[in-house]
Amino acid sequence: MVKVHLIQFNSSLAANGATLDPDSNAFLEEVSGGNIAFANEGVPVFFVRTGGAEGWFKEHYKEYEPPYFILAQGERNSLAASLEIISFLHQHSLPCHLFYGERKKIGEELVALAKAYEAKTSLKGKRYGVIGTPSDWLIASKADYQKAKRLFGVEMVEIPLEEFYQEMGNKQILDEKAYHDFSKLTDRQDELKEAFHIHAALSRLADKYELSGFTMRCFDLLDKLKNTPCLAYGFFNSEGRIAACEGDVPSMISMAILNAVSGEPIFMANPSRIDITAQKGVYAHCTCPYKMFKSFKLLTHYESGLGFGVRGEFALDDFTMFKISPKLDSFVCKLGKIERNLAEENLCRSQIEVKFEQPIDDLLEDPKGNHMLFAYGRHKKAIEYFFTLIPALA
């Protein structure tokens, strides 16, 4: 259940109305649908219970930060007062949004808003590591760390790749049970052991720097270790600690946002094929959170034939695809359904064919880099509200 800080107000003339409170409570109960707790915490929403309440709002609105969310009901001149308030906010160039109409729909919108607010609040103060520099081919995927902190409250921590190699010297396995289970899936036991050493080294670095996630220049490991962190990334992303490939900072930030909004693990993938006419795409990568799979196999990393690439079977379910631009000034978010799992030899190991609900011309005309992020479920409205709460991007 999400929380909404409901600020109720009405005309003093209606304060003693015999049915005002019972009717308002019945309205709110129907809006909630058992999914919203109206409390003194959460995202602030102004509930205009009657007409004649505009003066109260004008007197008190500055106690809260924009944007302003107004809730109106279809009686007692609530809508008329709400529209006057909206007009007042427009005159002062203040962002605002009106919730009005079918009550179930209002409830769904408020749930999305509350999730967005909780996500924004949860990100503030979190630290994300950049281990090594971004991969050389990410020529358009750099990010302004100070802008990320200003917009989302997140701090970027640069960590030399040499520190990771130093941690590898400990040759530690943190999860003996997982290592035992994975050892049944491959006969390459020495490589598997080192893949778990990679997991432990990254985990120690994340603990040392108090990171909620990281991205690493992972392709350098191919020359140095003849192995990859793909297997380790699957653990981190299943546990809710963001792990992004290739030193891709915008993708890491996008993963953090989508995870915070949805509460779901995130699949980071390359767009392999896009069919604008059919509104379909194929997306693939060599790692994915194990929690997203129905089953999986351990293969090699696609490009190198080294280490471990994970081929998983995804549920044929609804998804939300999201990515913020490298300049952190725009985003793309689309809904769709996973239609098929593929197993093609000329693509990264985990492969999905998806069908989008919206036109996808912009995925080619205005790409946000070379990765996209997927979560199970339908979170587009919550993502949109998240950026409504970030005035610089609204």
Side-chain angles (χ1 to χ4, degrees), residues 174-188 191-192 195-196 198-199 213 228-245 251 254-256 258-275 278-302 307-323 333-357 371-380 382:
L174 293 183
D175 192 333
E176 292 288 350
K177 182 182 184 304
Y179 173 66
H180 179 264
D181 291 342
F182 273 62
S183 67
K184 300 174 183 177
L185 303 177
T186 180
D187 57 3
R188 294 181 288 132
E191 291 174 80
L192 181 67
F196 272 82
I198 291 171
H199 171 259
T228 70
C230 304
L231 183 150
Y233 285 5
F235 285 120
F236 289 120
N237 285 314
S238 287
E239 297 158 3
R241 179 174 265 172
I242 300 301
C245 310
S251 285
S254 300
M255 292 174 77
L258 184 55
N259 173 256
V261 167
S262 69
E264 295 285 339
I266 310 301
F267 176 39
M268 173 181 180
N270 291 325
S272 300
R273 293 193 293 273
I274 294 176
D275 186 333
Q279 291 184 192
K280 290 187 176 185
V282 173
Y283 291 82
H285 234 208
C286 284
T287 183
C288 181
Y290 301 111
K291 284 186 177 180
M292 294 186 78
F293 292 147
K294 296 170 66 176
S295 63
F296 64 91
K297 300 176 181 178
L298 294 184
L299 307 178
T300 58
H301 176 250
Y302 164 60
F308 292 94
V310 183
R311 172 166 292 165
E313 180 186 1
F314 291 78
L316 304 184
D317 209 342
D318 292 340
F319 69 81
T320 301
M321 186 189 77
F322 167 71
K323 180 72 179 294
C333 185
K334 296 184 184 295
L335 299 176
K337 187 167 185 176
I338 300 173
E339 291 195 329
R340 286 197 299 159
N341 288 280
L342 305 178
E344 298 182 12
E345 292 303 314
N346 61 344
L347 296 177
C348 295
R349 303 311 188 187
S350 285
Q351 308 164 14
I352 51 175
E353 183 178 63
V354 302
K355 170 74 172 180
F356 293 99
E357 295 180 4
H371 292 118
M372 282 291 170
L373 298 315
F374 292 81
Y376 285 131
R378 303 174 64 84
H379 311 289
K380 187 172 187 286

Original post:
Under the side chain to side chain donor-acceptor pair (under 3.5 Å) criterion, do Arg349 and Thr287 qualify, and how do the steps go?
Top reply: CA-CA 8 Å; Arg349 303 311 188 187; Thr287 183; over 6 Å; no
Subject >> Step-by-step side chain to side chain contact (heavy atoms under 4.5 Å, CB included) determination, Leu174 to His199 >> reply: CA-CA 8 Å; Leu174 293 183; His199 171 259; 4.3 Å; yes
Original post:
When you look at Tyr376 and Ile338, which way does the side chain to side chain contact (heavy atoms under 4.5 Å, CB included) test go after all the steps?
Top reply: CA-CA 9 Å; Tyr376 285 131; Ile338 300 173; 3.9 Å; yes
Subject >> ring pair (Phe, Tyr, Trp, His ring centres under 6.0 Å) between Phe356 and Phe319, worked out >> reply: CA-CA 9 Å; Phe356 293 99; Phe319 69 81; 5.6 Å; yes
**OP:** Show your working on side chain to side chain contact (heavy atoms under 4.5 Å, CB included) between Met255 and Asn237 and close with a plain yes or no.
**Re:** CA-CA 9 Å; Met255 292 174 77; Asn237 285 314; 3.6 Å; yes
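The two residues His285 and Cys245 have their closest heavy-atom pair at CE1-SG, 3.6 Å. For the pair Ala278 and Lys355, the tightest heavy-atom approach, listed with the atom from each and the gap, is O-NZ, 2.6 Å. Closest approach of Leu298 and Thr186 over heavy atoms only: CD1-CG2, 4.3 Å. The two residues Asp175 and Phe196 come nearest to each other via the heavy atoms O-CE2, 4.1 Å. When every heavy atom of Arg188 is checked against every heavy atom of Gly307, the shortest pair comes out as NH1-O, 2.8 Å. Closest approach of Asn341 to Leu316, counting heavy atoms only: ND2-CD2, 3.9 Å.
Residues Phe314 and Cys288 meet the side-chain proximity criterion, which asks for heavy atoms closer than 4.5 Å. Counting heavy atoms from C-beta on, the side chains of Phe322 and Ser254 come closer than 4.5 Å. A 4.5 Å side-chain heavy-atom check between Arg273 and Leu347 finds at least one atom pair inside the cut-off. The shortest distance between side-chain heavy atoms of Ser350 and Phe293 falls below 4.5 Å. Looking at Gln351 and Ser272, their side chains never come closer than 4.5 Å, going by heavy atoms from C-beta outward. Taking 4.5 Å as the limit, some side-chain heavy atom of His371 sits within range of a side-chain heavy atom of Asn270. Residues Cys348 and Cys286 meet the side-chain proximity criterion, which asks for heavy atoms closer than 4.5 Å. No side-chain heavy atom of Tyr233 sits less than 4.5 Å from a side-chain heavy atom of Val310.
Ring planes of Phe374 and Phe267: tilted class, angle from 30 to 60°.
Among residues two or more places apart in sequence or in another chain, the side-chain hydrogen bond (donor to acceptor under 3.5 Å, both in side chains) test is passed with Gln279 by none. Partners of Lys184 by salt bridge (Lys or Arg N to Asp or Glu O under 4.0 Å), not counting sequence neighbours: none found.
To the nearest 0.5 angstrom, Leu342 atom CG is 5.5 Å from Glu353 atom CD. For the atom pair Lys323 NZ and Leu258 CG, the distance stands at 12.0 Å (nearest 0.5 Å). Summarising the geometry, atom CZ belonging to Arg378 is positioned 10.5 Å from atom CG belonging to Asp317; distances are rounded to the nearest 0.5 Å. The line from CE of Met321 to CG of Leu335 is 10.0 Å long, rounded to the nearest 0.5 Å. For the atom pair CG of Leu231 and CZ of Phe296, the computed distance is 7.5 Å after rounding to the nearest 0.5 Å. How far CD of Glu264 is from CG of Asn259: 9.0 Å, rounded to the nearest 0.5 Å.
By the 4.0 Å N-to-carboxylate-O rule, Glu357 lies too far from Lys380 to be salt-bridged with it.
Formation of a donor-acceptor pair under 3.5 Å by the Lys291 side chain with backbone atoms of Ser238 is found in this model.
Taking the six-membered ring wherever Trp is involved, the centroid distance between the rings of Phe235 and Phe182 falls below 6.0 Å.
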